[in-house]
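A note on names: the letters A, B, ... follow the listed sequences, proteins ahead of strands, and every chain is numbered from 1.
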Number of protein chains: 2
Amino acid sequence: MNKRQNAARKSEKQKKSLSTADWEEAALDVIAHQGISQVAVEPLAKLLGVTKGSFYWHFSNRLDLLKAALKRWRESDRSIIERDILSIEDPLKRLKAWFNLSAQPLRSHLIYSTLLADRQHPVVAKTLKEITVERLAHLQQAYRDLGYEPEQARQQALLAYSVYVGYLHMAKTLHGRLQDSEAIEKYAQYVAEQLMPKQTSQKPA
Amino acid sequence: MNKRQNAARKSEKQKKSLSTADWEEAALDVIAHQGISQVAVEPLAKLLGVTKGSFYWHFSNRLDLLKAALKRWRESDRSIIERDILSIEDPLKRLKAWFNLSAQPLRSHLIYSTLLADRQHPVVAKTLKEITVERLAHLQQAYRDLGYEPEQARQQALLAYSVYVGYLHMAKTLHGRLQDSEAIEKYAQYVAEQLMPKQTSQKPA
DNA sequence: AAATTTCCATACGGTGGCGTATTGACTGGC
DNA sequence: GCCAGTCAATACGCCACCGTATGGAAATTT
């Protein structure tokens with residue numbers, strides 16, 4: 001038998017030794033629910049059932065872990081967007097897909113929402129700025145493709161994205177979590193109607 | 001002469017001894033620029049040119065200060081809103097005043113924006129929830145007064161407030177501060193146009 | 001001018017987290 | 001079966017901050 005420890009360390013499955021990715025994922029889980037400040041190596045180690053002796057084998061320090069975790073999140077998020085949004089050719093459908101995705105209760109949103117709170121942290125600030133600029137560009141392009149003039153497309157993209165960010169906050173503030181009920185569905189529908197060009201004119205005044 | 005210390009303690013004016021309000025204001029300044037976590041009693045004392053011996057004379061502990069500071073902020077903010085917004089009878093002008101105030105670079109916004117980031121903290125969460133509910137009610141009322149049906153007024157208020165919150169975040173994320181330039185003016189103008197009822201109909205579909 | 005109140009300094013112990021150093025145990029390759 | 005590599009436990013020193021205890025000085029009261 002080549003399984004490593006014949007005694008299960010704490011709960012289920014024979015735990016093999018941890019990989020760098022395991023630490024990153026654990027960090028992301030903590031970020032999603034508690035924020036950057038709670039990503040502390042000793043508590044995290046306890047969470048994973050080891051001590052920090054292990055941590056400092058995988059990472060040189062705490063910052064190193066944060067960078068790696070954020071990079072991992074960013075890549076996964078980007079691949080989702082590329083697969084589910086940017087691949088859509090019809091700009092109206094693409095925009096709808098944006099709104100639809102935004103209303104979905106994904107861990108990625110949870111992480112983004114928490115990162116917004118931790119924007120003081122230099123590493124977080126850098127990541128946020130990058131991802132925000134990127135998404136704004138995509139949104140602007142969508143509105144451009146719908147016939148908006150560049151400047152108006154920019155404003156509209158900013159507006160739409162503000163609604164997204166604002167919603168994330170409101171949900172957490174008012175309910176302590178991201179909603180999953182029908183209420184959000186109705187609201188998302190309403191928002192989409194407000195933020196998408198009316199049928200009556202392609203190029204609004 | 002009844003001035004207290006004939007030698008200026010550190011910079012200007014003969015510093016009399018500190019009041020509770022002084023500590024609260026200092027805390028709010030730190031909150032505005034660095035967030036709750038940086039409101040630490042020893043650093044704050046250093047900032048005020050005293051030691052924490054003073055602090056624990058005025059407050060029983062750190063939490064006590066936070067509560068007091070937030071209460072102070074909330075009251076000042078509320079009085080601004082009552083004076084500059086709620087007093088306006090014409091609902092359209094009132095709404096315009098909301099958007100106008102939102103675009104102003106006030107310390108109150110700065111604080112609110114930072115508090116959004118610190119919503120993990122129980123005391124902050126409570127404060128935020130209260131103030132959000134309050135403001136949403138005011139906004140909803142404004143839209144009601146404009147002829148919106150209750151449900152739509154609620155949605156619209158939520159949307160408008162999300163834009164406000166989202167904008168605060170975007171500004172900080174993209175520029176590291178609240179903008180004061182003409183750009184924000186134009187954007188505010190654009191947003192107002194989008195979020196206020198069109199001239200063509202009082203009661204939008 | 002003495003007493004009391006108000007405000008502050010200093011010193012102390014406690015906690016939680018970071019990062020280092022060292023040792024140990026299990027693994028696969030030879 | 002030995003060795004090198006991989007992952008983890010333990011112990012240590014450090015720092016920042018919290019809260020307490022105690023004493024002292026200036027201001028105010030009497």
(request) Not counting sequence neighbours, list each pair that qualifies as a side chain to side chain donor-acceptor pair (under 3.5 Å) and has a residue in residues 79-94 of chain B. (result) B:R94-B:D145
(message) Which residues in residues 60-72 of chain A have a heavy atom closer than 4.0 Å to any atom of DNA chain C?
(response) A:N61, A:R62
(message) Less than 6.0 angstrom from the centroid, inside 45 degrees of the normal: does B:R135 satisfy that with respect to the ring of B:Y112?
(response) yes
(message) Please give me every residue in residues 24-31 of chain A whose heavy atoms get under 4.0 Å of an atom in DNA chain D, ordered by residue number.
(response) none
(request) Kindly write out the residues that satisfy salt bridge (Lys or Arg N to Asp or Glu O under 4.0 Å) with A:R62, not counting sequence neighbours, or none if the list is empty. (result) none
(request) Could you list the residues that satisfy side-chain hydrogen bond (donor to acceptor under 3.5 Å, both in side chains) with B:R78, not counting sequence neighbours? (result) B:E134
(request) Only counting residues at least two apart or in another chain, list the ones meeting ring pair (Phe, Tyr, Trp, His ring centres under 6.0 Å) with B:F55. (result) B:W23, B:F59
(request) Would you indicate which nucleotide in D:dC18, C:dA9, D:dA9 comes nearest to any side-chain atom of A:T51? (result) D:dA9
Distances under 3.5 Å between protein N/O atoms and the N/O atoms of nucleotides 22-24 of chain C, please, pair by pair.
none

(request) Under the side-chain hydrogen bond (donor to acceptor under 3.5 Å, both in side chains) rule, collect the residues that match up with B:S108, sequence neighbours excluded. (result) B:W73, B:D77
(request) For the side chain of A:S54, starting at C-beta, report the closest nucleotide among D:dA8, C:dA11, C:dA9. (result) D:dA8
(request) Kindly point out which of C:dA9, D:dC7, D:dG19 is positioned nearest to the side chain of A:W57? (result) D:dC7
(message) If only side-chain N and O atoms count, and only distance matters, is there a donor-acceptor pair under 3.5 Å linking B:Y143 with B:Q152?
(response) no
(message) My understanding is that only residues two or more places apart in sequence, or in another chain, count here; which of them pass side chain to side chain contact (heavy atoms under 4.5 Å, CB included) with B:A40?
(response) B:P43
(request) Using only side-chain N and O atoms of B:H58, determine if any of them is under 4.0 Å from OP1 or OP2 of C:dC8. (result) yes
(message) Measuring from the side chain of B:L18 (C-beta onward, heavy atoms only), which nucleotide among C:dC8, D:dC18, C:dC18 has the closest atom?
(response) C:dC8
(request) Rounded to the nearest angstrom, tell me the gap between atom CD in A:Q38 and atom P in C:dG17. (result) 8 Å
(message) If I take atom CG in residue B:L44 and atom P in nucleotide D:dG19, what distance separates them, rounded to the nearest angstrom?
(response) 13 Å
(message) Just to verify, what does B:Y161 make a ring pair (Phe, Tyr, Trp, His ring centres under 6.0 Å) with, not counting sequence neighbours?
(response) B:Y164
(request) With the side chain of B:P43 defined as its heavy atoms from C-beta on, choose the nearest nucleotide among C:dG17, C:dA9, D:dC17. (result) D:dC17
(message) Which nucleotide wins on minimum distance to the side chain of B:E42, given the candidates D:dT10, D:dC18, C:dA9?
(response) D:dC18
(message) Does anything in residues 114-129 of chain B form a salt bridge (charged side-chain N to carboxylate O under 4.0 Å, His left out)? List the pairs, not counting sequence neighbours.
(response) B:K126-B:E130
(message) Using C1' atoms of five pairs at each end, report the bend of the helix from C:dA1-D:dT30 to C:dC30-D:dG1 rounded to 10 degrees.
(response) 0°
